Amino acid sequence: MLKVDGGKTQVLFDHSAQFLSAPSSYVSTSPSSPSDTWNKWVCEMECDGILREWDSQRIGTLSRGGVFSPRATDSGGVQPRALIGSGGMRAIPAYMARNLEIDRPKWVSKARQNKDGTWRLWHYQEELDDFDYLVVAHNGKCAARLMKSAGPALAPVARLLETKFGANLRGGSTPRFMQLCSLYVLMVVLDGPVPLPTPNLEGAFVEGVPALSWVADQGAKLGQNVEKGPENEGTRRAWVIVSSPTFAEEHKVPQENIPIETAAEVTSLLLQAFRLALGKEGREYDAAFKVSTSALQLWGAGNPISVADVSEEVPFIFQASTGCGVCGDWMLAPSIPAAARH
Ligand SMILES: Cc1cc2nc3c(=O)[nH]c(=O)nc-3n(C[C@H](O)[C@H](O)[C@H](O)COP(=O)(O)OP(=O)(O)OC[C@H]3O[C@@H](n4cnc5c(N)ncnc54)[C@H](O)[C@@H]3O)c2cc1C
């Protein structure tokens, strides 16, 4: 959420996941397979108005210089559907968690197994409850450290959680460690009007511009009117601009504490790249790209670029002797459907 007009107008941004790809129609596989469960959730969320369709004609590929092509059709000549959360993607996890008791934010900093096999957790100095099972739904340095310190029996679990970082996969197709890439996300309100190749362009994967991977108009996508401010003629636009993994690697800093000068440089470079993608670098467009307000997010552990060696049918790891499980998108693929299926 960004505030404009001296705090009077709030502009909503999807600054992580952008949309869900769904089959063109509901397809039931075997009654209890994980993909069937996901399809049912999607149907349920659509019926309850949590998900709504984003017109696939308005999503596509933006090639350097301002060439927009809508999404390709599947082998049957049908465009796959794109679904988004009503009022933002946050609606999806909120819906899925509606019947669960969730205590958050609660960073788990220590985990120990009790003599009776239950798990005791700590949030820094605060001792939390005892739990029958522990599920680690994340990987990376913190998760590996947490399990490494949980005792020798957890060493194999800790090893599975270790990751390396980098935009490109190291060590061939079966790397020794899981690998994660980073992504910068720029949320920006521009004075506009943003000169688009077609008014249909609302979201696009970017090609031919090394710094970028995705851009999307948050006003059009989320149905919010951000256009009219006290100092413009109703031309204002809100865009989310997602970097490429390579760009994020080149400009990586601690994500909790992005230095002001890095934020300014990255913001400027991503905006230049956006103009390059649209083919509107000329000075005559400077006014349209004037920044009204912006915010920058670095997803240090953004997306997995390698996946664990698990099967589609059992897309998680469970150590029965300790009651400890491991799951996450990195079991299958870097997407919400893959994460939801574990
Ligand atoms: C910029 C970006 C754009 C994306 N776009 C899309 C898209 O368009 N479509 C799509 O399907 N997917 C997209 N993805 C991927 C999608 O967001 C992920 O695949 C999905 O969120 C993974 O879910 P997860 O539950 O496995 O992990 P996460 O969503 O990463 O959840 C892990 C959680 O564990 C918490 N955690 C970690 N350690 C601890 C601890 N010690 N104590 C307590 N909590 C802890 C974290 O805070 C986090 O909330 C995108 C990702 C990024 C970064």
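Quick caveat, the model's predicted, so the values are computed rather than measured. Counting starts at 1 for both ligands and their atoms, in listed order.
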Min N/O separation [X] to ligand 1 under 3.5 Å:
X: Pro337; answer: no
X: Asp329; answer: yes
X: Ile336; answer: yes

Distance-only side-chain donor-acceptor flag, [X] / [Y], under 3.5 Å:
X: Trp214; Y: Gln18; result: yes
X: Glu202; Y: Trp54; result: yes
X: Ser21; Y: Arg71; result: yes
X: Thr262; Y: Glu265; result: no

Test of understanding: given a 4.0 Å heavy-atom threshold, classify the contact between [X] and ligand 1 as side chain, backbone, both, or neither.
X: Ser335; answer: both
X: Val108; answer: both
X: Gln18; answer: both

For [atom], what is the closest protein heavy atom, and at what distance to 0.1 Å?
atom: atom 43 (C) of ligand 1; value: Lys106 O, 3.4 Å
atom: atom 37 (C) of ligand 1; value: His138 CD2, 2.9 Å
atom: atom 38 (N) of ligand 1; value: Trp107 CH2, 3.3 Å
atom: atom 9 (N) of ligand 1; value: Phe19 O, 2.8 Å
atom: atom 52 (C) of ligand 1; value: Ser16 OG, 3.8 Å

Flag if over 12 foreign heavy atoms under 6.0 Å of OH, Tyr133: no
Numbered atoms of ligand 1 (with element) below 4.0 Å of Ala339, judged on heavy atoms: 22 (C), 23 (O), 24 (P), 26 (O)
Atom indices of ligand 1, in the order listed, that fall short of 4.0 Å to a heavy atom of Gly328: 26 (O)
Straight-line distance of Trp107 CH2 to His123 NE2, nearest 0.5 Å: 11.0 Å
Atom pair CH2 (Trp299) and CD (Gln255), whose distance is rounded to the nearest 0.5 Å: 8.0 Å
Determine, using heavy atoms of [X] and all atoms of ligand 1, whether some pair is separated by less than 4.0 Å.
X: Pro334; value: yes
X: Ala340; value: no
X: Arg104; value: no
X: Gly302; value: yes

Verdict with supporting geometry, Val185 and Ile241, side-chain contact (heavy atoms from CB on, under 4.5 Å): CA-CA 6 Å; Val185 177; Ile241 300 173; over 6 Å; no
Residue pair Phe316, Val326: steps toward the side-chain contact (heavy atoms from CB on, under 4.5 Å) verdict: CA-CA 6 Å; Phe316 58 85; Val326 176; over 6 Å; no
Stacked cation flag Lys221 on Phe13, 6.0 angstrom / 45 deg: no
Heavy-atom nearest option to atom 32 (C) of ligand 1, drawn from Gly140, Ala17, Ala137: Ala137
Closest candidate by heavy atom, reference atom 14 (N) of ligand 1, pool Leu183, Asn303, Leu332, Leu298: Asn303
Measure from [atom] to the protein's non-hydrogen atoms and state whether any distance is below 4.0 Å.
atom: atom 11 (O) of ligand 1; result: yes
atom: atom 48 (C) of ligand 1; result: no
atom: atom 2 (C) of ligand 1; result: yes
atom: atom 28 (P) of ligand 1; result: no

Joint hydrophobic cluster, Leu83 plus Met96, side-chain heavy atoms closer than 4.5 Å: yes
Salt bridge present between Arg120 and Glu126 (N-O < 4.0 angstrom): no
Ion pair Glu281/Arg275, N-O distance below 4.0 Å: no
Thr322 vs Gln319, side-chain hydrogen bond (donor to acceptor under 3.5 Å, both in side chains): CA-CA, chis, key distance, verdict: CA-CA 6 Å; Thr322 58; Gln319 191 183 48; 2.6 Å; yes
